[in-house]
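Following: one structure in structure tokens, then a few remarks.
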Amino acid sequence: MSKKILIFGLGVLGSNVLDMLLQSANNYEITVVGRSEDKIHERINLADLVASNLGFYKNVSYEIVDVNDISKTADIIYKENPDIIFNATTKMSYWVPTKLPKEVFGKLYYAFTGWQVPMHLTLTYKLMQAVKASGRTVRVINASYPDVINVALDKIGLAPEVGIGNLANVVPVIKKAISLHENIPIEKLDIRAYGHHHFSYMLPSLGSAENLPYHLEVYYEKLNITKYLNFQSIFNLLPTKLKRTRGLEGMIMTAASAVNIINSMAVGNKEEIMHAPGPNGLPGGYPIIINEDCTEVVLPNDLNLQEVIEINLLGQVMDGIQKIDSDGNIYYSNNEMEIVKEIFGYECLVMNVNDCELWSEELHSKFSEYYKKTMLQHS
């Protein structure tokens, strides 16, 4: 029996995920939901024809709706009755600030990611309201900054089940680095990593985990070899021998992590341990197992759940989010927000989930104004 998947958002990430799913051996029925009919129609045709050329034939269709319209979005979800929703919506893709002039982005880089929360939260919040209003039972996978967004939405009872990318993007390169450093066949290695987006964002650039909160267990043929490894030397390989393309082209890595989660939900592989951020509304990233009807966090041998949550909360602070309280108030870190304020005049120190759209409009306005002015000066 085929699984029904709704993909919300057909930007770079959503398109990559669509391509991979259509070229999968699994039996899927896929519907893409978005605003621009011409764009979606043409991109779906491209994906479908490429898959056909490779010998894969699946049912793929589309629905036109603006996620801002919660009622109409709920109607689509009710009508389609999907098994899985993959959310790739955002009001500002993470790579957009990287298009600023190098000297500007070099400064903004150290504001990290927390300041972008309104842009990632607004549409995800509306989608989750639509899921609830539809009355359907559906598993939701969120691609929009899930280390934080899933946590914030959990405070109001609307958390997606799990996220993708981030920690899941850095685990494969850590595994590859260990394999090369220790001359061990990569297929015999098993890694269990715990860390926030900040860890996965910074490690490949720094080549060092000094001052980065994380926890790592490494197994070789089920034997724990963690204590025998020189991680400083291993991590040095990430920005050198194992340096990879990031930015837009690198989104294919994030898409692969999404397809791993989707495949596991569809097939129900209870034995496979993978990594994902934001499972069950938890902050940061964890090893997980996708069960038939839920996602289970896999704990390390020497730490309990609260201890690994604390590791991730330290990373959350370093990413620019001081805390998220039980009422859905998001408190930003002063130092990181000060950088944003200095560059394009935006400042938000506390934001409630319910106010995210207003803050996203202000952020979009100030960022866009600054972006246009700066790019004009450098043209």
Side-chain angles (χ1 to χ4, degrees), residues 94-95 97-98 105-106 108-114 116 143 145-148 163-182 184 186 189-219 225-257 260 273-279 282-288 298 300 303 307-321 333 336:
Y94 91 95
W95 50 264
T98 70
F105 178 68
L108 186 61
Y109 178 86
Y110 291 99
F112 304 117
T113 311
Q116 300 178 33
Y145 199 17
D147 300 67
V148 171
I164 57 103
N166 301 344
L167 184 64
N169 290 350
V170 78
V171 165
V173 71
I174 293 174
K175 190 174 181 180
K176 182 73 172 179
I178 294 170
S179 173
L180 291 174
H181 193 270
E182 302 299 318
I184 293 174
I186 193 168
L189 284 172
D190 179 29
I191 291 181
R192 298 180 188 181
Y194 305 80
H196 200 271
H197 169 267
H198 191 81
F199 168 69
S200 59
Y201 181 67
M202 297 300 292
L203 182 64
S205 300
L206 296 176
S208 170
E210 186 177 1
N211 300 322
L212 296 179
Y214 76 102
H215 186 75
L216 193 62
E217 289 183 346
V218 182
Y219 295 85
I225 63 170
T226 310
K227 66 181 180 181
Y228 303 108
L229 300 176
N230 181 343
F231 285 107
Q232 181 56 61
S233 182
I234 290 167
F235 291 156
N236 280 336
L237 294 172
L238 272 63
T240 55
K241 185 176 180 65
L242 294 177
K243 185 177 182 179
R244 69 170 177 88
T245 302
R246 300 179 81 174
L248 278 175
E249 293 180 9
M251 289 296 284
I252 195 169
M253 189 77 180
T254 305
S257 76
N260 271 341
I273 294 177
M274 56 189 64
H275 289 80
L282 295 177
Y286 308 79
I288 60 166
V298 179
L303 298 175
E307 288 172 322
V308 292
I309 287 174
E310 290 300 323
I311 289 170
N312 276 302
L313 287 175
L314 289 173
Q316 176 180 285
V317 172
M318 297 177 78
D319 226 24
I321 303 293
S333 304
E336 286 74 23

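Just so it is clear, the model here is predicted, and its values are computed rather than measured.
Between Met253 and Pro172, some side-chain heavy-atom pair lies under the 4.5 Å cut-off. Contact annotation: the side chain of Gln232 approaches that of Asn236 to within less than 4.5 Å [non-hydrogen atoms, C-beta and beyond]. The shortest distance between side-chain heavy atoms of Tyr109 and Tyr201 falls below 4.5 Å. Counting heavy atoms from C-beta outward, Tyr219 and Arg192 have side chains that approach closer than 4.5 Å. Proximity of Pro239 to Leu206: side-chain heavy atoms (C-beta onward) are nowhere separated by under 4.5 Å. Side-chain atoms of Ile191 and Glu217, non-hydrogen and from C-beta on, never get closer than 4.5 Å to each other. The side-chain heavy atoms of Tyr194 and Ile309, taken from C-beta on, include no pair separated by under 4.5 Å.
A donor-acceptor contact shorter than 3.5 Å links the side chain of Thr226 to the backbone of Val218. Side chain of Asn166 to main chain of Pro277: no donor-acceptor pair is present (N/O by atom type, distance under 3.5 Å, no hydrogens or angles). A donor-acceptor pair under 3.5 Å is formed between the side chain of Ser179 and the backbone N or O of Ile184.
Residue-environment remark: CG (Leu229) exceeds the threshold of 12 foreign heavy atoms within 6.0 Å. Residue Lys175 places its NZ atom among more than 12 non-hydrogen atoms of other residues, nucleotides or ligands, all under 6.0 Å distant.
His275 and Tyr286 have their aromatic ring centers separated by at least 6.0 angstrom.
For the atom pair CD1 (Ile186) and NZ (Lys176), the distance works out to 5.0 Å, reported to the nearest 0.5 Å. Atom-to-atom distance recorded for Leu313:CG and Leu282:CG is 9.5 Å, nearest 0.5 angstrom. The line from CD of Glu182 to CG of Leu189 is 9.0 Å long, rounded to the nearest 0.5 Å. Interatomic distance, CD1 of Ile288 versus CG of Asn260, reported as 9.5 Å (0.5 Å rounding). Here the OG-CD1 distance, from Ser208 to Ile234, works out to 12.5 Å after rounding to the nearest 0.5 Å. Rounding to the nearest 0.5 angstrom, the gap separating the OG1 atom in Thr254 from the CG atom in Asn169 is 4.0 Å.
Partner Pro287 forms a side-chain contact (heavy atoms from CB on, under 4.5 Å) with one of Val171, Asp190, Ile273 and no other, that one being Ile273.
The minimum heavy-atom distance between Gly284 and Pro279, with the atom names listed, is O-CD, 4.0 Å. Residues His198 and Gly315 share a closest heavy-atom pair of CB-O, 3.5 Å. Counting all heavy atoms, side chain and backbone alike, Asp147 lies closest to His197 at OD2-N, 3.0 Å. Contact between Ala193 and Leu216 at its shortest, heavy atoms only, is CB-CD1, 3.5 Å. Pro213 approaches Ile311 most closely through the heavy-atom pair CB-O, 3.6 Å. Of all non-hydrogen atoms in Glu336 and Phe112, the two that sit nearest each other are CG-CD1, 3.9 Å.
Residues forming a side-chain hydrogen bond (donor to acceptor under 3.5 Å, both in side chains) with Ser333 (at least two apart in sequence, or on another chain): Gln322. For Phe231, the ring-ring contact (aromatic ring centres under 6.0 Å, His included) partners at least two apart in sequence or on another chain are Phe235.
Listed by first then second residue, pairs satisfying side-chain hydrogen bond (donor to acceptor under 3.5 Å, both in side chains) with a partner in residues 240-253 read Ser205-Arg246, not counting sequence neighbours.
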- prompt: Yes or no on side chain to side chain contact (heavy atoms under 4.5 Å, CB included) for Leu203 and Val173, after CA distance, side-chain angles and deciding distance?
  reply: CA-CA 10 Å; Leu203 182 64; Val173 71; over 6 Å; no

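Remark: the His196 side chain and the Asn312 side chain contain no N/O donor-acceptor pair separated by less than 3.5 Å.
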